[in-house]
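What follows is a set of notes on a single structure, which appears directly below.
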Amino acid sequence: MVWAGIALRPATWAETEALRYAPDMQNAWKWGSRAARDGYVQLYQSVVDPKRNDTPKDYGLDYVPLRLAVMTLWAKSRLAVDPNIRKWQSDYAFNAPLLHFNTSMELLGALGIFAVARQWSRRDDAQRSIRRRWFRAEWLALIAFGLVWFNPAALLSAHARPTWDAWVLPFFIWAVWFAARGSWLAAGIVLGVGTMLKGQQLVVLPMFILWPLMGFRITAAARFVLGFVLSIGILVSPWIVPMRVLPMAFVLMLALAPLAAWIALRRWPIRGRLMPTSWLRWTIPLSLAIGLLFCLPLFGGSMDWFQVGFVYGAQKFTGLEVGGASSLAGILQNVYGWQATMPVLPLEWIGIHATIAQVMMAVFALCVLLICWGIHRYERAGDARFVLAIAAPWIVYFAVFPQMHERYLLWGALAACAATVVNSGSVLLAIFFSLCSTIMSLYQMLPRNRADEFLTDLGPNAGEMLHDFVRPTFPDIGWAILLGSAVWIWIVLSGALGARLPARAGRAGGFEIIGDDETINADRPQVGQAEMIVRKNPE
């Protein structure tokens with residue numbers, strides 16, 4: 001299956017030559033080659049400095065640091081072969097390194113879906129006896145893997161257009177996997193790395209904080225934030241720690257190493273008792289994260305990477321919908337003529353006139369809050385519908401958020417493929433989202449003047465027939481997507497209300513049950529619950 005998918009991707013590139021949407025690749029080559037020639041670290045400053053007195057819309061570059069690093073390495077590999085290259089070339093060999101990276105991200109995402117689906121299929125004891133009459137957990141997870149690995153929307157996005165949207169799923173889904181096992185620091189690190197590749201990961205950042213807080217697991221949320229901040233701080237250290245102080249920072253770290261070793265061996269006494277060993281593992285990452293944060297104001301580090309990669313990226317598109325997104329934003333803009341800045345909710349008592357874009361953001365925030373409550377409920381119950389809940393923020397994001405691109409449904413559609421461990425109805429809904437994402441991609445990629453060059457092996461008019469089918473779907477297919485999203489959220493929230501939760505820890509019959517949030521028994525159906533240590537109550 002893996003090798004079939006790998007072979008399918010170059011074939012997709014070759015067969016969709018008539019659909020090739022070159023601007024994304026040309027832009028990647030432009031900035032990657034410029035960073036390769038002028039310096040990767042210096043590029044942000046060179047882009048921002050001439051525009052200090054202008055609006056951010058003039059930057060042109062909107063790449064976050066790791067995304068720019070990938071493009072720089074790609075450009076360097078091509079320039080090493082031919083230093084005289086000045087323009088992007090359309091042949092496969094020229095773009096192969098970047099396409100191979102897309103393939104690796106797709107495979108990593110599919111493996112993540114497999115891991116999460118298998119994890120929750122094995123933990124859901126309530127449904128296991130019924131499902132396993134026909135399928136083992138591994139087979140259900142393998143079906144989910146296939147739905148992602150051979151997903152037509154993902155193939156078009158990564159190998160026909162191509163774009164970099166395939167980079168979102170792997171980091172999100174592996175962060176979920178780590179978080180569900182109680183490794184919140186690792187989850188934060190993974191999502192932080194993913195954010196430096198694609199800034200849209202910030203959409204689900206609140207989910208990973210609210211999810212543990214719903215169960216009052218403050219330390220879990222703190223560990224996640226620590227891992228997130230630490231990974232981002234390390235990745236942007238070339239900008240926030242100026243080169244003139246980098247040797248000093250290195251010497252300081254070497255000087256503190258013996259102190260850290262002494263603490264680990266001796267442990268500080270607290271009120272006559274030794275500091276708990278579990279505290280030690282957070283000492284070094286917390287100190288490093290705080291040190292990186294203080295480097296910025298103390299040594300005059302640069303925030304140009306944030307201004308270009310995040311602020312400009314969020315501000316450069318001002319419309320409700322961009323590029324053919326059949327969502328609520330697309331319907332409001334293209335059917336009713338609404339604009340993002342249109343005031344729709346006057347709140348005179350607080351002096352605010354909320355625009356339609358702000359109202360849509362507020363609706364999304366409310367939905368995420370409810371979804372996080374559902375995630376917490378499913379986690380406590382060990383219910384496999386947890387996999388539906390983790391896909392819900394991405395689905396709602398596309399459905400109701402402003403500044404929407406047609407490609408953004410892909411993330412929810414791929415995350416929803418883990419529904420194979422729940423029921424067939426949820427799987428059909430996940431397939432529906434994938435088909436809608438495919439249709440929107442074809443709408444964007446298939447112009448009339450090139451339709452006759454596509455699918456010629458199927459028939460001389462096959463491309464034109466596909467064009468005539470796809471064009472009328474915009475934006476009215478958005479109504480179906482909104483309905484499907486509403487059904488998905490209803491399944492998540494109604495199921496969370498009826499989830500059977502285990503009894504909470506407490507005193508019972510002369511015994512005291514003590515929970516340790518950091519230890520999780522992966523084989524228990526009560527996912528995310530503390531491993532229980534029972535000791536005799538002295539009373």
Considering only distance and modelled atom types, tabulate donor-acceptor pairs under 3.5 Å from the side chains of residues 365-375, sequence neighbours left out.
none

Can you check whether [X] reaches [Y] side chain to side chain, under 4.5 Å on heavy atoms?
X    : Y    : result
T195 : V64  : no
L108 : W167 : no
P65  : L235 : no
V48  : M303 : no
L210 : H376 : no
I390 : Y378 : no
L328 : M404 : no
Q201 : V168 : yes

What is the distance from atom [atom1] of [X] to atom [atom2] of [Y], rounded to the nearest 0.5 Å?
X    : Y    : atom1 : atom2 : answer
L409 : D165 : CG    : CG    : 11.0 Å
F208 : L191 : CZ    : CG    : 5.5 Å
E106 : L99  : CD    : CG    : 9.5 Å
R217 : R223 : CZ    : CZ    : 9.0 Å
L68  : L197 : CG    : CG    : 11.0 Å
I240 : I234 : CD1   : CD1   : 9.5 Å

Over all atoms of both residues, closest heavy-atom pair of [X] and [Y]:
X    : Y    : result
L202 : P206 : O-CD, 3.5 Å
N151 : S434 : ND2-OG, 2.8 Å
P162 : N102 : CB-ND2, 4.3 Å
S231 : F228 : OG-O, 3.0 Å
A154 : L410 : N-CD1, 3.7 Å
Y59  : V308 : CD1-CG2, 4.1 Å

Near-ring test [Y]/[X], centroid separation under 6.0 angstrom:
X    : Y    : answer
W394 : F172 : yes
W239 : Y44  : yes
W411 : F398 : no

*Using the six-membered ring wherever Trp is involved, compare the ring planes of Y397 and Y408 and label them parallel, tilted or perpendicular (cut-offs 30° and 60°).*
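Geometry flag for Y408 against Y397: parallel rings.
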_Sidechain-backbone polar pair: S437 side chain, F433 backbone, donor-acceptor under 3.5 Å_ =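 Judged by distance alone, no pair lies under 3.5 Å.
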*asked:* Between R377 (side chain only) and L497 (backbone N and O only), is there a donor and an acceptor less than 3.5 Å apart?
replied: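 Yes, because the side chain of R377 sits within donor-acceptor range (under 3.5 Å) of the backbone of L497.
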*Working for side-chain contact (heavy atoms from CB on, under 4.5 Å), residues R9 and L155*: CA-CA 7 Å; R9 279 149 174 82; L155 290 171; 3.6 Å; yes
_Could you check whether atom CG of L213 has more than 12 heavy atoms from other residues, nucleotides or ligands sitting under 6.0 Å from it?_
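Check passes, neighbour count above 12.
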Would you say the side chains of [X] and [Y] form a donor-acceptor pair under 3.5 Å?
X    : Y    : value
T163 : D24  : no
W211 : E379 : yes
W120 : D383 : no

*Using the test side chain to side chain contact (heavy atoms under 4.5 Å, CB included), find all partners of A96 that sit at least two apart in sequence or belong to another chain.*
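If we apply the side chain to side chain contact (heavy atoms under 4.5 Å, CB included) test to A96, skipping adjacent residues, the hits are Y92, H100.
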*Do K198 and F171 pass the side-chain contact (heavy atoms from CB on, under 4.5 Å) test, and can you show the C-alpha distance, the side-chain angles, and the key distance before you say yes or no?*
CA-CA 10 Å; K198 285 286 288 182; F171 296 93; over 6 Å; no
Below 3.5 Å, can you tabulate the donor-acceptor pairs from side chains in residues 31-38 to any protein atom, sequence neighbours excluded?
from, atom 1, to, atom 2, distance (Å)
W31, NE1, N27, OD1, 3.1
S33, OG, W29, O, 2.6
S33, OG, K30, O, 3.1
R37, NH2, I85, O, 2.6

*Tell me, with the steps shown, if I113 and L169 meet side-chain contact (heavy atoms from CB on, under 4.5 Å).*
CA-CA 9 Å; I113 289 291; L169 177 67; 4.2 Å; yes
According to side-chain hydrogen bond (donor to acceptor under 3.5 Å, both in side chains), who are the partners of [X], at least two apart in sequence or on a separate chain?
X    : answer
W164 : none
E406 : R161
W149 : none

*With a distance cut-off below 6.0 Å to the six-membered ring centre and an angular limit of 45° from the axis, does R181 pair with W177 as a cation-pi contact?*
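Yes, cation above the ring, under 6.0 Å and within 45°.
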*Given F114 and V148, is the side-chain contact (heavy atoms from CB on, under 4.5 Å) satisfied, shown in steps?*
CA-CA 9 Å; F114 175 87; V148 174; over 6 Å; no
